[in-house]
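Counting from 1, the numbers follow the sequence of the chain as shown.
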Amino acid sequence: MAMTMTGEVQLPASREVVWAKLNDPAVLKACIPGCEELNVAGENQFEAVAKMKVGPVSARFKGKVTLSDFDPPSSYKISGEGEGGVAGFAKGGATVALAEKDGGTLLSYNVEAQIGGKLAQLGQRLINGAAKKLADEFFAKFADAVKTG
């Protein structure tokens with residue numbers, strides 16, 4: 001099942017500060033919902049473990065995350081794939097762009113993902129709702145991390 005999602009978040013910090021936070025594994029680990037581990041696996045690569053619950057399906061996903069297409073401090077691409085055992089798999093990517101706006105930074109994102117297994121059987125509406133909730137939770141935590149420096 002394919003899924004796309006876009007959004008924007010206004011952050012109260014300079015592009016340079018937001019860029020630094022987007023590239024800080026400790027900040028990302030604290031902001032990713034359900035993230036239990038986020039370890040550096042190489043240059044611009046991480047291994048992650050996250051526990052997720054979508055509707056009646058709960059699973060621990062293990063996967064790889066790669067950052068690429070860097071244009072500091074304006075944009076990059078984040079790609080990943082994860083396995084959740086019988087729950088299924090998820091893979092995809094997001095482009096993240098930063099622009100100066102209203103004395104802060106406007107972060108825009110565009111996500112494209114594929115899911116399969118039991119997760120894909122839940123239906124598009126439930127999956128899209130869960131994905132939006134996870135994105136909202138990530139960006140709320142990320143905005144707090146940016147504010148607190």
Side-chain angles (χ1 to χ4, degrees), residues 1-54 59-85 87-117 119-120 122 124 126-149:
M1 175 189 303
M3 179 181 72
T4 59
M5 184 172 52
T6 60
E8 294 181 337
V9 182
Q10 178 69 26
L11 299 166
S14 70
R15 272 194 322 174
E16 290 74 18
V17 168
V18 174
W19 179 260
K21 299 281 187 192
L22 280 174
N23 287 282
D24 183 334
V27 171
L28 294 176
K29 180 182 178 191
C31 296
I32 296 169
C35 188
E36 296 175 348
E37 294 179 33
L38 185 66
N39 302 309
V40 176
E43 188 171 346
N44 303 322
Q45 292 192 323
F46 305 94
E47 290 180 349
V49 177
K51 190 171 183 177
M52 305 267 169
K53 182 168 176 25
V54 180
R60 177 175 273 114
F61 284 86
K62 293 182 180 182
K64 292 188 182 339
V65 177
T66 304
L67 305 179
S68 62
D69 299 348
F70 288 93
D71 181 14
S74 299
S75 65
Y76 72 12
K77 181 172 183 175
I78 183 167
S79 308
E81 55 185 75
E83 286 287 333
F89 71 89
K91 65 180 178 179
T95 53
V96 178
L98 305 177
E100 292 178 16
K101 183 178 178 192
D102 299 335
T105 301
L106 181 67
L107 182 153
S108 305
Y109 60 91
N110 185 348
V111 178
E112 291 186 19
Q114 290 276 338
I115 59 168
L119 282 174
L122 293 175
Q124 193 83 34
L126 183 59
I127 293 296
N128 286 347
K132 174 147 180 33
K133 183 178 174 222
L134 289 170
D136 289 348
E137 189 176 332
F138 172 85
F139 285 111
K141 288 181 178 180
F142 187 74
D144 285 344
V146 167
K147 281 181 207 163
T148 59

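Residues passing the side-chain contact (heavy atoms from CB on, under 4.5 Å) test with A94 are I78, V111, sequence neighbours excluded. In this structure, the salt bridge (charged side-chain N to carboxylate O under 4.0 Å, His left out) partners of K64, at least two apart in sequence or on a different chain, are E47. Considering only residues two or more places apart in sequence or on other chains, A131 meets the side-chain contact (heavy atoms from CB on, under 4.5 Å) condition with M3, M5. Take K132 and apply the salt bridge (charged side-chain N to carboxylate O under 4.0 Å, His left out) test, not counting sequence neighbours, and it matches D136. Qualifying side-chain contact (heavy atoms from CB on, under 4.5 Å) partners for E83, counting only residues two or more places apart in sequence or in other chains: F89. Taking A59 as the reference, F61, A87 meet the side-chain contact (heavy atoms from CB on, under 4.5 Å) condition, with sequence neighbours excluded. A search for salt bridge (charged side-chain N to carboxylate O under 4.0 Å, His left out) contacts involving E8 returns nothing, not counting sequence neighbours. Partners of F142 by ring pair (Phe, Tyr, Trp, His ring centres under 6.0 Å), not counting sequence neighbours, listed by chain and number: F138.
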- Taking it one step at a time, do M52 and L134 satisfy side-chain contact (heavy atoms from CB on, under 4.5 Å)? CA-CA 9 Å; M52 305 267 169; L134 289 170; 3.8 Å; yes

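Note on residues 30-53: no pairs pass ring pair (Phe, Tyr, Trp, His ring centres under 6.0 Å), not counting sequence neighbours. Sequence neighbours left out, not one pair with a member in residues 87-100 passes side chain to side chain donor-acceptor pair (under 3.5 Å).
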N/O donor to acceptor pairs below 3.5 angstrom from side-chain atoms of residues 14-36, sequence neighbours left out:
residue : atom : partner : partner atom : Å
S14     : OG   : V17     : N            : 3.2
R15     : NH1  : S74     : OG           : 3.1
K21     : NZ   : G149    : O            : 3.1
N23     : ND2  : W19     : O            : 2.8
D24     : OD1  : A26     : N            : 2.9
K29     : NZ   : E36     : O            : 3.4
E36     : OE1  : R60     : NE           : 2.7
E36     : OE1  : R60     : NH2          : 3.2
E36     : OE2  : R60     : NH2          : 2.9

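From M1, atom CE reaches atom CG of L122 across 7.5 Å, with rounding to the nearest 0.5 Å. Summarising the geometry, atom OG belonging to S68 is positioned 8.5 Å from atom CG belonging to N44; distances are rounded to the nearest 0.5 Å.
Nearest approach of I115 to A120, heavy atoms of both residues: O-CB, 3.8 Å.
A salt bridge does not link E137 to K133: none of the charged side-chain nitrogens sits closer than 4.0 Å to a carboxylate oxygen.
Not one N or O on the side chain of S79 forms a donor-acceptor pair closer than 3.5 Å with the backbone of G93.
Dense packing is recorded around NZ of K53, with more than 12 heavy atoms of other residues, nucleotides or ligands lying under 6.0 Å away.
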